[in-house]
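The next block holds one structure in the form of structure tokens; read it before the comments.
Convention: sequence-line order gives letters A, B, ...; per-chain numbering from 1.
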2 protein chains.
Amino acid sequence: MSKGPTKIGIAAVERETGLPKDTLRMWERRYGFPQPERDEHDERLYPADQVEKLRLLKRLVDQGMRPGKLIEASIETLGEMLQARQAQTIDCPDAASRCNSIVELLRLHRSEELRRTLQQTLLKQGLQAFVVETVAPLNTLIGNAWLRGEIQVPEEHLYTEQVQNLLRSAINAQGGGQRPRVLLTTFPDELHVLGLLMAEALLVSEGASCVSLGTQMPIANIDSAARAGDFDIVALSFSAAFPGRQAVDGLTQLRAALPDGVALWAGGRAIAGRRDAIPGVSIITDIRETLSALEAWRNANAA
Amino acid sequence: MSKGPTKIGIAAVERETGLPKDTLRMWERRYGFPQPERDEHDERLYPADQVEKLRLLKRLVDQGMRPGKLIEASIETLGEMLQARQAQTIDCPDAASRCNSIVELLRLHRSEELRRTLQQTLLKQGLQAFVVETVAPLNTLIGNAWLRGEIQVPEEHLYTEQVQNLLRSAINAQGGGQRPRVLLTTFPDELHVLGLLMAEALLVSEGASCVSLGTQMPIANIDSAARAGDFDIVALSFSAAFPGRQAVDGLTQLRAALPDGVALWAGGRAIAGRRDAIPGVSIITDIRETLSALEAWRNANAA
DNA sequence: AACCTTATTTGTCCAGGACAAAAGGAGCTC
DNA sequence: GAGCTCCTTTTGTCCTGGACAAATAAGGTT
């Protein structure tokens, strides 16, 4: 169980928590937390528990809470707040039990069985049902387990890889289709690719013609790519971890840049909560709505 | 042609070039470059050409050059140095012409034709030849075009997506096999996934049992995952953009953590140049060597 | 050439000050 | 009570200039 050094420097904390060095120093100056020790040359050394608390703080702050109100709370309290705020319930009990057993495989690192089980579920359900009734609830379940600290980075990556292989195979198997032409991507700070692949899978299986640029596309480039490729729709995906404000800002900016004839769709947990609609942007709260949005577009644009 | 603002702040420069704010200020203090303008509140505003030069500087410094020697050179000179240092030639003229036409499709955003062409090439060549004779030279070609500024972010992402779809389909199609069990991943700052997929494709097609954790896995987690999963080999991939020293450091650390019985393989442009061997780590200079390394392992471990 | 020692270069950290953008609240009107 | 404006507090980011250790180069000796 080789763990890293128990005390880490400020640069490492920035890497691990995503909090800039300046902010770390400022919080210390203002609130007295974190309170790192110092090494022989007076440089900050953060113990693991403080880093863990910082990680939780970051997530809550990204959700719109204010650091000043949170900073005194214990790690446990913060963990509960995160769960209360994020925990999603899975409606269908059938899906829940199926997914729970998959998470169990994941936790035990049974990678081969995991692959087989996912593969079989896909074959049995078909692509659309697989995305809606298996992948979506699994994402929620795994997100919750992650918050509770029940699964770690390697498990989460393993899951992502396996699902990615399946979805990409399925997408690849369906040849490119007709209208609408959809450009899929995410904003620069968004690394999660599954939302994008789920949407692409649904759209492609309804005969839409999709081009994905993967994650992390600068806004100016999204605009130029959309113009160059004669697209009807630009679709963006936001994971739960993505800061909501940044999403709204970016969408506003992109909407202003894009030609009027191009629709802009945005989906994912980060914006699902937002009540403030952005003019000219379609918010997709649930992955299922992707299909109705497609149908609506086709009705509106029937030549 | 909506381009972003022509002058950008220090945080944006850090994001775009990868140079920390502290370093940007230090270079300015020491060398007089960059020499950003200031906005009304005395904050640095970097013009686009300085940012471009910084981007080139970063790459050269990552390769081991020293900033003090480079800082006065012009953008053109720096570009030439980069090419002289990196530019790879593609040996086989047949592969070169095939790949050039693919790059042409990419540049024209002919995504559907690109998909079809790649798909057909894969079918014609078979998986192994496709990886070795098409994907590898294409990566080189596209890397060079990128250095010359001939292709942009969206093209590069589009290419990555398409190849990823193909390779993942192919990998997914081959069921999991026998020994050795190989764990594939990259270090935290490495985002490029193609090298990993290429290696996985080659290994799987020779019947090895591969588990990929995708990119960005912290070293401590690589170690624990390798122990938990009964792996024979841990394989890491490093793109040309990855700082060579960081690769060597990380490999040394990981080697020390891993049990002796587990082999450690490292491949990719970032370490291909390094002459300094790391004890207990197999350096794979060319993607083709993956196959001979596998054969060697099987010979050595024939029970 | 191989090795040790000394100089130089370079990146990262620190403190503490400043201020703008965002969020919260107070008071007002309809 | 919803919507509005104006004011206050909170918060993050940027600034300067100093310090120093780690990495690299250069010089000297065997």
Contact list (N/O, under 3.5 angstrom) for nucleotides 24-27 of chain D vs protein:
{"from": "D/dT24", "atom 1": "OP1", "to": "B/Arg245", "atom 2": "NE", "distance (Å)": "3.1"}
{"from": "D/dT24", "atom 1": "OP1", "to": "B/Arg245", "atom 2": "NH1", "distance (Å)": "3.4"}
{"from": "D/dT24", "atom 1": "OP1", "to": "B/Arg245", "atom 2": "NH2", "distance (Å)": "2.3"}

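- A/Arg29 contributes a side-chain N or O that forms a donor-acceptor pair with the base of C/dG17 under 3.5 Å.
- Atom CD in A/Glu72 sits about 13 Å away from atom P in D/dT10, given to the nearest Å.
- For B/Lys53, there are no salt bridge (Lys or Arg N to Asp or Glu O under 4.0 Å) partners at least two apart in sequence or on another chain.
- Here A/Glu37 pairs with A/Lys7 under the salt bridge (Lys or Arg N to Asp or Glu O under 4.0 Å) rule; sequence neighbours left out.
- With sequence neighbours excluded, the residues satisfying salt bridge (Lys or Arg N to Asp or Glu O under 4.0 Å) with B/Arg55 are B/Glu16, B/Glu52.
- Regarding A/Leu24, its CG atom lies at a distance of 14 Å from the C1' atom of C/dC14, rounded to whole Å.
- In this view, B/Phe187 and B/Phe238 satisfy the ring pair (Phe, Tyr, Trp, His ring centres under 6.0 Å) rule, not counting sequence neighbours.
- Computed from coordinates, the B/Asp22 CG to D/dG18 P distance equals 15 Å when rounded to whole Å.
- Between A/Arg25 atom CZ and D/dT11 atom C1' there is a gap of 17 Å when expressed in whole angstrom units.
- Looking at which nucleotide of DNA chain C each of A/Met26 and A/Ile10 is closest to, the 5′-most match is held by A/Ile10.
- Side-chain proximity of B/Pro67 to the nucleotides C/dT10, D/dC14, C/dC13 is greatest for C/dT10.
- Remark: A/Asp286 pairs with A/Arg288 by the salt bridge (Lys or Arg N to Asp or Glu O under 4.0 Å) rule, at least two apart or across chains.
- Inter-axis angle, ends of the helix from C/dA1-D/dT30 to C/dC30-D/dG1, five pairs per end, rounded to 10 degrees: 30°.
- B/Trp27 has its CH2 atom 10 Å from the C1' atom of C/dT10, to the nearest Å.
- Side-chain contact between A/Trp146 and A/Val153: present, with at least one pair of heavy atoms (C-beta onward) separated by less than 4.5 Å.
- In this view, A/Ala48 satisfies the side-chain contact (heavy atoms from CB on, under 4.5 Å) rule with no residue, not counting sequence neighbours.
- Contacts between residues 30-45 of chain B and DNA chain C, counted as heavy-atom distances below 4.0 Å, involve B/Arg30, B/Tyr31, B/His41.
- Residues passing the side-chain hydrogen bond (donor to acceptor under 3.5 Å, both in side chains) test with B/Arg44 are B/Glu28, sequence neighbours excluded.
- Phosphate proximity of C/dC13 to A/Lys21: present, with a side-chain N or O under 4.0 Å from OP1 or OP2.
- Annotation: side-chain contact (heavy atoms from CB on, under 4.5 Å) contacts of B/Val13 (sequence neighbours excluded): B/Ile8, B/Thr17, B/Leu24, B/Tyr46, B/Val51, B/Leu54.
- Taking side-chain N and O atoms only, B/Thr23 has no distance below 4.0 Å to OP1 or OP2 of C/dT10.
- Side-chain atoms of B/Glu190 come within 3.5 Å of backbone atoms of B/His192 as a donor-acceptor pair (strictly under, hydrogens ignored).
- Scanning for side-chain hydrogen bond (donor to acceptor under 3.5 Å, both in side chains) contacts around A/Gln35 gives an empty result, with sequence neighbours left out.
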